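Here the structure comes first, spelled out in structure tokens, and everything after it is commentary.
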Amino acid sequence: ASALADAKARFRALLLAKLQQSDLVSNEDTGLYSKTAPAALGAVNGFCSHSWQDDGAAKFKQLLAWGEEAKRDEGIDSPLLWLDKACIKQDQSPEEKQADINALPVFLSGCRSLIVLAGPTYASRLWCVVELFVFLRMGGEKERIRVLELGGVDVRVALNRFDANDAKCFLKEDEERLLAIIESGFGDVVPFNACVRT
């Protein structure tokens with residue numbers, strides 16, 4: 001109960017209209033956190049799952065297209081988006097940042113859809129695959145996943161070849177932590193690989 005309450009208090013969202021193409025070029029802090037606001041679970045239109053290794057301009061173009069569709073379908077001015085570097089404060093203490101990472105399952109379940117920006121490196125990034133997996137395990141239906149391809153690779157083929165042992169994270173400690181969580185939950189990466197491929 002306390003973990004859920006803490007996650008709900010940390011849950012934030014960014015109006016897509018406040019996102020600039022330059023914000024998606026790299027994972028460096030561009031001041032997006034100050035443009036976010038607290039959000040209610042279930043009120044956020046999409047959780048953005050993407051690789052920082054993929055092309056920022058292509059990701060921005062796809063997000064704008066998704067946003068236009070969301071505005072039309074839901075009758076809103078600008079959709080709310082959960083984006084990692086916007087909704088997790090970048091200059092906080094390691095303990096605070098870890099609390100946000102621990103709340104990731106709640107953040108995922110608090111969004112109405114999972115927006116997968118599927119570029120050439122998406123299936124090789126451990127965080128991306130874990131987000132996809134957690135969304136489904138938290139009760140998200142496959143129909144609520146929007147795969148927006150950036151070109152360069154067929155993400156379905158890439159995910160069918162996924163191996164957690166070959167996947168990477170920007171930070172080595174994140175990679176080690178995620179692999180430890182996977183192994184504690186599955187006993188080994190082999191059954192996790194099978195789940196991802198399915």
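Quick caveat, the model's predicted, so the values are computed rather than measured.
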Donor-acceptor pair, side chain of Lys85 and main chain of Glu28, under 3.5 angstrom | yes

Taking C-beta and beyond as the side chain, do Leu83 and Leu63 meet within less than 4.5 Å on heavy atoms?
-> no

Does Arg12 make a cation-pi contact with Tyr33 (under 6.0 Å, within 45 degrees of the axis)?
-> yes

Mind checking whether Tyr122 and Asp54 have side chains closer than 4.5 Å, heavy atoms only?
-> yes

Close side-chain approach of Ile115 to Asn45, heavy-atom, < 4.5 Å | no

Please round to the nearest 0.5 Å and tell me the distance separating atom CG of Leu108 and atom CG of Leu41.
-> 11.5 Å

Measuring from Asp55:CG to Thr121:OG1, what's the distance to the nearest 0.5 Å?
-> 10.5 Å

Can you check whether Phe47 reaches Ser109 side chain to side chain, under 4.5 Å on heavy atoms?
-> no

Between OG on residue Ser113 and CD on residue Glu143, distance to nearest 0.5 Å = 12.5 Å

Got a sec: does the NZ of Lys35 have more than 12 other heavy atoms crowding it under 6.0 Å?
-> yes

Candidate pair Val196 and Leu132, rule side-chain contact (heavy atoms from CB on, under 4.5 Å), full reasoning = CA-CA 8 Å; Val196 170; Leu132 184 60; 5.7 Å; no

Shortest non-hydrogen separation from Glu96 to Arg10 and the atoms involved | OE1-NH2, 2.9 Å

Inter-residue atom distance Lys142.NZ - Leu114.CG, 0.5 Å rounding = 13.5 Å

Should the heavy atoms of other residues, nucleotides or ligands under 6.0 Å from CZ of Arg197 be counted, would the total exceed 12?
-> yes

Same apolar cluster: Trp66 and Leu32, side chain cutoff 4.5 Å | yes

Out of curiosity, does Leu80 fall in the hydrophobic cluster containing Phe135 (side-chain heavy atoms, cut-off under 4.5 Å, transitive links)?
-> yes

Can you find a heavy atom in the side chain of Phe11 that is under 4.5 Å from one in the side chain of Thr36?
-> no

Please answer: with hydrophobic residues joined when any side-chain heavy atoms are less than 4.5 Å apart, are Val155 and Leu117 in the same cluster?
-> no

Sequence-distant partners of Asp84, side-chain hydrogen bond (donor to acceptor under 3.5 Å, both in side chains), two or more places apart | His50, Trp52

So, does Asp163 use its side chain to make a donor-acceptor pair with the main chain of Asn193 at under 3.5 Å?
-> no

Transitive ILVMFWY side-chain link Val130 to Leu159, under 4.5 Å | yes

Minimum-distance pair of heavy atoms, taken over all atoms of Phe60 and Leu19 = CE1-O, 3.4 Å

Asp73 atom CG, neighbour heavy-atom count above 12 within 6.0 Å | yes

Can you hop from Leu104 to Phe192 via hydrophobic side chains spaced under 4.5 Å?
-> yes

Apply the side-chain hydrogen bond (donor to acceptor under 3.5 Å, both in side chains) test between Lys71 and each candidate in Glu69, Glu68, Glu74; give the one that qualifies.
-> Glu68

Heavy-atom closest contact (Trp127 atom, Cys169 atom, distance) = CD1-SG, 3.9 Å

Quick one: does Gln62's side chain have a donor or acceptor within less than 3.5 Å of a partner on Glu149's backbone?
-> yes

Rounded to the nearest 0.5 Å, how far does CD of Glu131 lie from OG of Ser49?
-> 4.0 Å

Heavy-atom pair of closest approach, residues Ala7 and Ala103 = CB-CB, 3.5 Å

Gln92 vs Asp100, side-chain contact (heavy atoms from CB on, under 4.5 Å): CA-CA, chis, key distance, verdict = CA-CA 10 Å; Gln92 61 187 339; Asp100 279 335; 2.9 Å; yes

Arg112 and Arg144 have their tightest heavy-atom pair at O-NE, 2.7 Å

When rounded to the nearest 0.5 Å, the distance separating CG of Leu16 from CG of Leu81 is 6.0 Å

Grab the two heavy atoms, one from Leu15 and one from Ser78, that are nearest each other, plus how far apart they are.
-> CD2-O, 3.4 Å

Counting distance only, does the side-chain N/O of Asp6 pair as donor-acceptor with the main-chain N or O of Ala3 below 3.5 Å?
-> no

